[in-house]
There are 2 protein chains.
Amino acid sequence: MAAPATSKGEATRAAIFGAALELFRTHGYEATTMRAIAERAGVSLGSSYHYFPSKEHLILALYHHLHVLHREACAPVLARERSLAARLRGVLRAIVMTCEPFHEVSGSPFSTVADPRSPLNPFGAESAAMRREVIGLYAEVVRGSDAKLPAEVAAELPRLLWLYQMGVLYFWIMDASPGRLQTLELIDETADLIVRLVGLANLPLLRQSRRRALALVRAIAGNAPDN
Amino acid sequence: MAAPATSKGEATRAAIFGAALELFRTHGYEATTMRAIAERAGVSLGSSYHYFPSKEHLILALYHHLHVLHREACAPVLARERSLAARLRGVLRAIVMTCEPFHEVSGSPFSTVADPRSPLNPFGAESAAMRREVIGLYAEVVRGSDAKLPAEVAAELPRLLWLYQMGVLYFWIMDASPGRLQTLELIDETADLIVRLVGLANLPLLRQSRRRALALVRAIAGNAPDN
DNA sequence: GCCGAGAATTGAACGTGTTCAAGTCCCAGG
DNA sequence: CCTGGGACTTGAACACGTTCAATTCTCGGC
């Protein structure tokens with residue numbers, strides 16, 4: 001995508017990304033023009049396109065930046081908590097907090113989420129690396145918990161929790177409540193509900209449903225451009 | 001949005017929408033320019049904007065067009081089937097079939113789905129009328145079924161099924177499998193799973209979860225710009 | 001038959017993201 | 001010190017969605 005070969009190129013790339021970060025945060029995604037980013041970074045319009053093939057690729061870089069912050073924010077919770085519900089709650093609260101400075105801005109870029117051809121599409125090839133990282137984070141959430149899970153459930157759960165996170169973030173984007181309290185309530189309630197449902201899947205009554213659900217998840221995930 | 005006052009205006013509006021429909025289907029959303037639509041409709045560029053405030057509003061009109069087709073496609077199934085699972089399956093198969101001609105095209109327009117300010121946002125004010133209609137369709141799905149549902153579940157289920165439909169459509173957009181078979185499998189399996197889960201919600205073991213889940217849904221729906 | 005008000009229509013002009021051919025800079029190798 | 005090539009940089013140019021002041025059309029009321 002953009003691999004500067006010299007240290008000067010590295011600096012230019014960082015300047016462009018920094019300018020974009022600042023302008024996105026203060027003015028929003030759409031109101032920020034590529035010309036304004038270039039000007040603030042002290043480079044020409046064409047130079048920006050040398051490092052980022054499109055405006056959307058700047059958002060991709062922002063995603064990665066936020067993911068790094070999110071991992072750091074998660075670390076204490078994952079080290080401390082052992083119950084699956086608490087770990088889930090902590091990780092989801094952390095992502096909402098991490099993204100908060102970009103809330104007003106998140107609508108437009110997150111919107112391209114549904115376009116299969118967009119680099120921002122979470123299921124696409126260009127976001128595969130990030131997707132693996134996030135799923136890995138949820139694997140850690142599951143692995144470090146004291147929940148008693150059948151192996152086949154534990155194997156598919158991280159991917160499902162990644163989907164769950166996307167759902168929560170989508171809700172968060174729409175959330176206009178003061179202090180984003182609705183999202184926090186949603187997290188508390190659904191994290192709990194998920195853990196209960198996963199626990200119930202052990203009941204004989206639900207065995208068949210569990211088997212079929214797992215088969216479905218595996219069939220679908222098998223066709224995805226994941227690893 | 002666009003209310004022609006004369007019959008001539010009505011005809012112009014129809015010509016523009018028809019041209020857009022044809023071009024979207026054959027060339028895709030992004031590849032279709034407003035200039036091309038205007039030319040094919042035999043009007044000037046400015047005229048298009050007199051009837052449709054933006055290119056996205058043409059998609060809004062397309063949504064409505066598809067919804068009408070969907071209702072017609074659903075009618076036989078809803079008249080025939082009584083089991084909730086069969087009704088759900090039928091309605092979801094119908095929408096996938098109805099939208100099929102626009103599959104390659106659906107990515108880009110559906111993508112703006114996440115932008116709170118976009119007229120295409122399913123939770124927004126500009127799509128409130130359509131949202132109510134679709135939720136109404138699912139109310140009919142529930143009402144005409146022989147499923148034994150507690151009143152409070154039956155009250156919230158249509159809204160949740162509308163969400164479910166959006167999830168299925170999102171999957172369908174991404175579905176590259178031949179004949180869209182994966183989506184059909186997803187529909188069959190999840191429709192069944194949903195009905196089982198709803199049925200299980202009557203168990204004493206799940207009473208509390210049900211109560212809390214319903215409270216959450218009500219709290220969230222109360223803040224939405226629905227009616 | 002004429003008028004006028006409102007609907008319908010026009011196309012030039014604006015700002016945007018993006019492209020690209022041309023230019024400049026840097027430095028390793030001679 | 002020169003030179004060549006590759007990284008880097010530039011800004012004009014393009015096509016697009018959108019806006020708007022100006023113009024034309026339509027038709028009911030006199």
Side-chain angles (χ1 to χ4, degrees), chain A residues 1-20 23-24 27-62 105 107-109 111-112 115 117-120 126, chain B residues 1-20 23-24 27-62 105 107-109 111-112 115 117-120 126:
Chain A
M1 150 172 172
T6 72
S7 67
K8 186 186 171 194
E10 206 71 66
T12 305
R13 195 195 133 94
I16 293 167
F17 178 63
L23 289 174
F24 285 163
H27 295 71
Y29 176 71
E30 283 168 338
T32 299
T33 69
M34 291 299 284
R35 284 162 181 83
I37 294 172
E39 189 179 3
R40 184 178 233 274
V43 302
S44 76
L45 180 59
S47 259
S48 308
Y49 281 91
H50 183 72
Y51 292 99
F52 299 93
S54 79
K55 197 179 175 185
E56 290 189 346
H57 281 80
L58 279 165
I59 294 291
L60 213 52
L62 170 58
V105 169
S108 352
S111 77
T112 358
D115 190 340
R117 284 158 307 193
S118 164
L120 299 186
E126 290 200 71
Chain B
M1 153 173 173
T6 71
S7 68
K8 186 185 173 196
E10 205 71 65
T12 305
R13 195 194 133 95
I16 293 167
F17 178 64
L23 289 173
F24 285 163
H27 295 71
Y29 176 71
E30 282 168 340
T32 299
T33 69
M34 290 299 285
R35 285 164 180 82
I37 293 172
E39 190 179 1
R40 184 178 232 274
V43 302
S44 76
L45 180 58
S47 258
S48 308
Y49 281 91
H50 182 72
Y51 293 98
F52 299 93
S54 80
K55 198 178 175 185
E56 290 187 346
H57 280 80
L58 279 164
I59 294 290
L60 214 52
L62 169 58
V105 169
S108 353
S111 77
T112 358
D115 190 339
R117 285 159 307 193
S118 163
L120 300 186
E126 291 200 71

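Each chain gets a letter, A, B and so on, in the order its sequence line appears, and its residues count up from 1.
Residues passing the side-chain contact (heavy atoms from CB on, under 4.5 Å) test with A:Ala36 are A:Leu23, A:Thr33, sequence neighbours excluded. Under the side chain to side chain donor-acceptor pair (under 3.5 Å) criterion, B:Thr32 pairs with no residue, sequence neighbours left out. Remark: A:Ser54 engages A:His57 in a side chain to side chain donor-acceptor pair (under 3.5 Å) (not counting sequence neighbours). Scored by the side-chain contact (heavy atoms from CB on, under 4.5 Å) test, A:Ala15 finds A:Ala41 as partners (sequence neighbours excluded). Applying the ring-ring contact (aromatic ring centres under 6.0 Å, His included) rule to B:Tyr49 yields no partners; only residues at least two apart in sequence or on another chain are considered.
Within the 4.0 Å cut-off from OP1 or OP2 of C:dT9, at least one side-chain nitrogen or oxygen of B:Thr12 is found. When the side-chain nitrogen and oxygen atoms of A:Ser44 are compared with OP1 and OP2 of D:dG11, none of them lie within a distance under 4.0 Å.
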Mark up nucleotides 14-25 of chain D, 5' to 3', with B wherever a protein heavy atom is under 4.0 angstrom from a base atom, S wherever such an atom reaches only the sugar-phosphate, and - elsewhere.
--BBBB-----S
Worked check of side chain to side chain contact (heavy atoms under 4.5 Å, CB included) between B:Phe24 and B:Leu58
CA-CA 10 Å; B:Phe24 285 163; B:Leu58 279 164; 4.1 Å; yes
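Taking atom CZ of B:Arg13 as the reference point, atom P of C:dA7 lies 16 Å away to the nearest angstrom. A:Glu39 places its CD atom 12 Å from the P atom of D:dG11, with the value rounded to the nearest Å. Look at NE2 on A:His50: it is 18 Å from P on C:dT24, rounded to the nearest Å.
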